[in-house]
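Accompanying notes for the structure given below.
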Amino acid sequence: MQLLCAPGGRGGAGRRPGPGRLLAAAPGDGLGRAGPAAAPGRRDCGAAAAGAWSRPGGAGGPGGLAPPPSERPGGAARDRNSHAKPEDNGAKVSEMPLPQKKRWVSMAKGLVLGALFTSFLLLLYSYAVPPLHAGLASTRTPEGTAPCSPAPGEPEALTPANGSAGGCQPRRNIVFMKTHKTASSTLLNILFRFGQKHGLKFAFPNGRNDFDYPAFFARSLVQDYRPGACFNIICNHMRFHYDEVRGLVPPNATFITVLRDPARLFESSFHYFGSVVPFTWKLSGRDKLAEFLQDPDRYYDPNGYNAHYLRNLLFFDLGYDSGLDPGNPQVQEHILEVERRFHLVLLQEYFDESLVLLKDLLCWELEDVLYFKLNARRASAVPRLSGDLYRRATAWNVLDARLYRHFNASFWRKVEAFGRERMAREVAALRLANERMRRICIDGGRAVDAAAIQDSAMQPWQPLGAKSILGYNLKKSIGQRHAQLCRRMLTPEIQYLMDLGVNLWVTKLWKLIRDFLRW
C-alpha cells in the first residue's frame, strides 16, 4: 500500500483532492499494511509523510518501504511532479478509508462464518428432529403389539368409580397422552412426583424431552428399551400410536389425556410456535394472528415445516390426520375411538374438577394432585381473541372443535355421576390445599418473569425469540417437612427430567446454542 499526499479539497467523484489530504494507493507492494498516516483527516503534508514513512531501517530496511521523496536526491521536485497526477505512476487511488475497508472485510468474514454455523445447526436439527410420518406401518416394532406382563400383585382390571369404594388401591400404571398447550406440563409434574414418591418405572425418551415428536411413537424410542420391557408411567410428548404404547404397559393401565377449547389452544400455539412455522413469516402486520385468521387459506401450507402446530393440533397429537375433511365419516370414528381408549379426558378450562375426577379414578390422596401452574405465559404476551376472531379460530380448527364438544359433554356427565355437591366440596379442598402450599413454598406468593427468577434450576424453557414463560422463586426458609415437596412442585419439566436421570443431550446442546446466540 502506497500513501500519497495530494493538494485540494476532499476527494470524491468529480472532485479534486484537497490540500493536506493523505491518499492511499495500491502499487502492489503486497504488504497490505499502512502506517498511521492512513487515518482520514487533514494534516500537514510533510508531517503526514514523515509519520507515514518513519520506520526503522529506512530504504531497504526491515520496514521494507522506501523513504519519503523529500529524503531522496531531487525529491522535492519529483514530489511535486509525482503528486500532481498520481495516476501517471500507475497508482490507483482508493477513496475508501482503511478502517472502513477493514470493517467491511470483517463483516464479510462474519457472514461467511455465520452461514457455515447456520448450516451446521440445520444439519444438527435435521438429525435431532425426525421426518413426519404419514403412515403408521414403519413405526411398528418387530415383536408385535402384545402388552407386557403385569408385575406380581398388581390388580388386573379397573373398577368404575374407583375412589367410591372404601378399600380401593392406588393405580400406578398410567399412560398420559400429553397434548400441547393444554396445561399438560402441570399434570406432568403431578405424575413425576407420584412416580418418584413410589419408585415407579417411567418410559422416558432418549436424548430429548419428547418421543421424536412429530413422528409417531415407537417403543424403540424409549430410553434403555429392551423387547418385553414393562413400564408403569408414560407421560412425555408424543404423536400417539396406541398399539405401540399399549405394548409397554400392563393390561390394567389407565389412559388419560387433556383437551382445551380449540380457539384458545390455537391462539396459544400460534404465539408459542409461530416463529418456527415458516409460512407465518409472510405475515407483515403487527397482529399476525388476526391477519392470519382473516384469510388462513392464503397463508397455510399443510405440507409446510411445522404446519401441524397451527391447525387441529389435538387431532394431530392423538395420531389422526389433522387435514381430514370435516364431512368425512372417519372424523366421528376417530372421536369414538378416543372415547373407547381413554378412561378419562380432562379439560384445561376445568382443571380442578378434572383433577378431582382423576384422584377418584386412580384412588390417590389429595396431596398427590396438589399443583402450581407451570409453563404459564404472561397475560400481556397473549391477547385474548375477540368474538369474531374466536369464531374464525374455531372454524379453522373444526376437527378439534368437534372433538372438544364431544368430550366436554361426556365430562359433565361424569361430574353428574360423581355428584355436583361432592365435586364442589372436593374442589374447595383442593384449592385450599394449593393456597396453603403457595404460602409455604413461593417467594412473593406468585409467578414472576424469567428475568426475575433467581435459581437457574427453576428457569422454565422459553419459546424461540421470547421470554414470555413465567416461573417461580423458591422461598429461602422452608421447613424440613415441606422442603422436598415444594422444590418438586416448582421444578420445570426439563430440570425434573434431568433429576430423574433422563438423557437429554440433544435438548442440552440446543439450549447451549440458544444461550450462546441469545435466541
> Going by an N to O cut-off under 4.0 Å, is there a salt bridge joining R439 and E435?
Replying inline: yes
> Under 3.5 Å, is there a donor-acceptor pair between the Y213 and D317 side chains?
Replying inline: yes
> Hey, are E349 and R264 close enough for a salt bridge, meaning a charged N less than 4.0 Å from a carboxylate O?
Replying inline: no
>> With no hydrogens and no angle check, just 3.5 Å: does a side-chain donor-acceptor pair link Y371 and D352?
In response: yes
>> Which label fits Y300 and W396: parallel for a plane angle under 30°, tilted from 30 to 60°, or perpendicular past 60°?
In response: perpendicular
>> What I want to check is whether the side chains of S269 and K181 have a donor and an acceptor closer together than 3.5 Å.
In response: no
> Are the charged groups of R487 and D455 less than 4.0 angstrom apart, N to O?
Replying inline: yes
>> Parallel, tilted or perpendicular: which one describes the rings of F342 and F240, with boundaries at 30° and 60°?
In response: tilted
> Are D368 and K197 ion-paired here, with the side-chain N under 4.0 Å from a carboxylate O?
Replying inline: yes
> Judged by atom type as modelled, is there a donor-acceptor pair below 3.5 Å linking the side chain of N232 to the main-chain atoms of L200?
Replying inline: no
> How far does OG of S268 sit from CZ of F273, to the nearest 0.5 angstrom?
Replying inline: 8.0 Å
> In terms of the angle between their ring planes, are Y242 and F255 parallel, tilted or perpendicular, with boundaries placed at 30° and 60°?
Replying inline: tilted
>> Distance to the ring centre below 6.0 angstrom and angle to the axis at most 45 degrees; does that hold for R438 and F372?
In response: no
> Any side-chain heavy atom of H180 sitting closer than 4.5 Å to one from F316?
Replying inline: no
>> Which label fits F315 and Y320: parallel for a plane angle under 30°, tilted from 30 to 60°, or perpendicular past 60°?
In response: tilted
> In terms of side-chain geometry, is the basic nitrogen of K414 or D360 positioned less than 4.0 Å from the acidic oxygen of its partner?
Replying inline: no
